[in-house]
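Down below is the structure, laid out as structure tokens.
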Amino acid sequence: MDPHPAARFTTVAGFPDQSDRRHDSRSPALFSLLYSGMGAGQMLIGDGMVTNLSSCGIGIRGNRSVTPGMEVALFIDLPGLKEPLCVAQNRVSWVAGCRFGVELGPLKSEEKKHLDVFLWDRVTPTDRDGGS
């Protein structure tokens, strides 16, 4: 038995140093979401909290276990929207205990617009100007 279960860290490639392949910086966030997919031949439905977000990926703390490479649908309670943002095709990139990262799949133009507006609102004016 592993004396440090929270330290267990798995990525698609199987190496912890492969987990940070972000193309964009992530903004800290804290709001809810639901996720679903197939795990061990059974439908898995979980809920959790978004911990960080970018235009390409999302950090999640969830209540149901997922595995790297697993395909999941996300229903994100993005602040400012009346209905959850549904992103159907996503892939789990890494897992560390109840935390995991998801690479966002293709977004419809409306979904991308909502996500971009949310992220833009979280960037400071100095960041928008490139630090000037």
Side-chain angles (χ1 to χ4, degrees):
M1 183 167 185
D2 186 351
H4 304 290
R8 177 165 284 142
F9 192 92
T10 312
T11 67
V12 173
F15 300 104
D17 61 342
Q18 294 294 314
S19 65
D20 198 359
R21 298 170 302 216
R22 300 175 184 167
H23 300 286
D24 294 327
S25 62
R26 292 204 180 167
S27 297
L30 195 60
F31 48 88
S32 62
L33 86 159
L34 293 173
Y35 55 97
S36 66
M38 292 296 290
Q42 293 192 348
M43 181 63 139
L44 171 134
I45 299 174
D47 66 305
M49 296 297 291
V50 173
T51 58
N52 58 61
L53 182 66
S54 78
S55 60
C56 299
I58 184 167
I60 299 169
R61 185 176 59 240
N63 71 341
R64 298 290 308 269
S65 296
V66 295
T67 57
M70 181 180 199
E71 296 287 327
V72 292
L74 302 175
F75 305 91
I76 307 167
D77 290 326
L78 199 62
L81 295 182
K82 292 180 182 179
E83 298 290 325
L85 183 69
C86 176
V87 186
Q89 296 176 323
N90 311 281
R91 186 178 56 82
V92 175
S93 299
W94 58 267
V95 177
C98 65
R99 294 177 35 243
F100 58 98
V102 173
E103 180 182 346
L104 294 175
L107 297 170
K108 296 176 185 167
S109 61
E110 191 70 16
E111 295 165 344
K112 181 157 179 41
K113 182 180 89 173
H114 288 303
L115 184 58
D116 288 346
V117 166
F118 176 79
L119 291 169
W120 180 259
D121 287 346
R122 305 205 33 107
V123 176
T124 64
T126 311
D127 292 336
R128 289 181 191 144
D129 297 336
S132 324

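A continuous path of hydrophobic side-chain contacts links Phe100 to Leu44 [ILVMFWY only; heavy atoms under 4.5 Å]. In terms of hydrophobic clustering, with Ile, Leu, Val, Met, Phe, Trp and Tyr side chains grouped at heavy-atom distances under 4.5 Å, Leu78 and Val72 are assigned to a common cluster. Under a hydrophobic-cluster definition in which Ile, Leu, Val, Met, Phe, Trp and Tyr are linked whenever side-chain heavy atoms come within less than 4.5 Å, directly or via other members, Leu119 and Leu107 are assigned to the same cluster.
Ile45 and Ser36 make their closest contact through CG1-CB, 4.1 Å (heavy atoms, listed as atom of the first residue, atom of the second, distance). Among all heavy-atom pairs drawn from Val95 and Pro68, the shortest one is CG2-CD, 3.8 Å. Met70 and Gly37 make their closest contact through CE-C, 4.1 Å (heavy atoms, listed as atom of the first residue, atom of the second, distance).
Ile76 places none of its side-chain heavy atoms less than 4.5 Å from the side chain of Tyr35. Side chains of Val66 and Ile60 form no contact here, defined as non-hydrogen atoms less than 4.5 Å apart. Looking only at side-chain heavy atoms (C-beta outward), Met38 and Met43 come within less than 4.5 Å of each other. Phe31 places a side-chain heavy atom less than 4.5 Å from the side chain of Leu53.
Partner of Leu74 under the side-chain contact (heavy atoms from CB on, under 4.5 Å) criterion, out of Val102, Leu34, Leu85: Val102 alone.
Asp47 CG to Leu33 CG: the interatomic distance, rounded to the nearest 0.5 Å, is 8.0 Å. Atom CD of Glu103 sits about 4.5 Å away from atom CZ of Arg91, to the nearest 0.5 Å.
Ser54 places a side-chain N or O within 3.5 Å of a backbone atom of Gly57 that can act as its donor or acceptor partner. A donor-acceptor pair under 3.5 Å is absent between the side-chain atoms of Ser32 and the main chain of Asp77, judged by distance alone.
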